[in-house]
Amino acid sequence: MLKACIFDLDGVIVDTAKYHYIAWKEIARELNFDFTEHDNERLKGVSRMRSLDILLEIGGLLLNEETKISLADKKNKNYVSYIEKMTSAEILPGVPAFLKELKNNRIKTAIGSASKNTPLILQRIGLANYFDEVVDGNKASKAKPDPEVFLLGASGLGVSPGNCVVFEDAEAGIEAALAAGMKCVGVGNPQILYKAHMVISGFEEMDFNRLKTFSEI
Ligand code: B16
Ligand code: MG
């Protein structure tokens, strides 16, 4: 029985992936290699330090820990300068209406994000107090595809994993949801998100009745 929905943040509620991409590209440029949008797919949903490791692998570079920490810090400062300017206008289409429908039908909601910047993003887009539970990269110690972030979300809501539906835009996040024993809706490209139980291109395609039918299958 459907009791709760857990939403990834970047790429599901807002499109911050584009800001992550610009900020990482800047680091790659400094290190003299190109970082493409195609490469950026590999960074979606994974932690900041894991993202840097993937970036360095793409550039064929091996750096010491101290340099890596300073690069990750630099990227984050650049990234934060973009998200500080976000407003509620950047909430993705169809999301506000769907969230309202869930509230009206007494479905609990949580955020399950790898981002340590989750509180700032939620505050900037005016959703800081909207969700019943927020689990982010500050609370979870294991990064997606580990299921920890979603399991903490379910336990914070007091709901069994089997009664939760996760919305995710990244392969690592879908794997995390499946490992948590939850149903998963991919948001984005079905060719990339083929492991999800269902894929939508955006929330204009989703409403409570469709969700309910999906969750009962
Ligand atoms: P931060 P999500 C993830 O957020 C992003 O998809 C991923 O690209 C990023 O590296 C990660 O957050 C960490 O973000 O540097 O802000 O802590 O998709 O899990 O909401
Ligand atoms: Mg995401």
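Each ligand, and each atom within it, is numbered from 1 in the order the structure gives. For this chain, numbers begin at 1 and follow the sequence in order.
The 4.0 Å heavy-atom shell around ligand 1 contains residues Asp8, Leu9, Asp10, His20, Leu43, Lys44, Gly45, Val46, Ser47, Arg48, Ser51, Tyr79, Ser113, Ala114, Ser115, Lys116, Asn117, Lys144, ordered by chain and number.
By the 6.0 Å and 45° rule, Lys18 does not stack over the aromatic ring of Tyr82.
Distances from the Mg ion (ligand 2) under 2.8 Å pick out these protein N/O/S atoms: Asp8 OD2, Asp10 O, Asp169 OD1.
The environment of CD in Glu216 is crowded: more than 12 heavy-atom neighbours from other residues, nucleotides or ligands sit within 6.0 Å. Residue-environment remark: NZ (Lys212) stays at or below the threshold of 12 foreign heavy atoms within 6.0 Å.
Electrostatic pairing of Asp34 and Arg29 does not count as a salt bridge here, judged by no charged N lying under 4.0 Å from a carboxylate O.
In this structure, Phe167 and Phe7 have parallel ring planes: the angle between them is below the 30° cut-off, well short of the 60° mark.
Between the side chains of Ser70 and Asp73, no donor-acceptor pair is found at a separation under 3.5 Å. A donor-acceptor pair shorter than 3.5 Å can be found between the side chains of Asn138 and Asp136.
For the pair Arg210 (side chain) and Glu205 (backbone), a donor-acceptor distance under 3.5 Å is present.
Rounded to the nearest 0.5 angstrom, Ile125 CD1 and Leu120 CG are separated by 10.5 Å.
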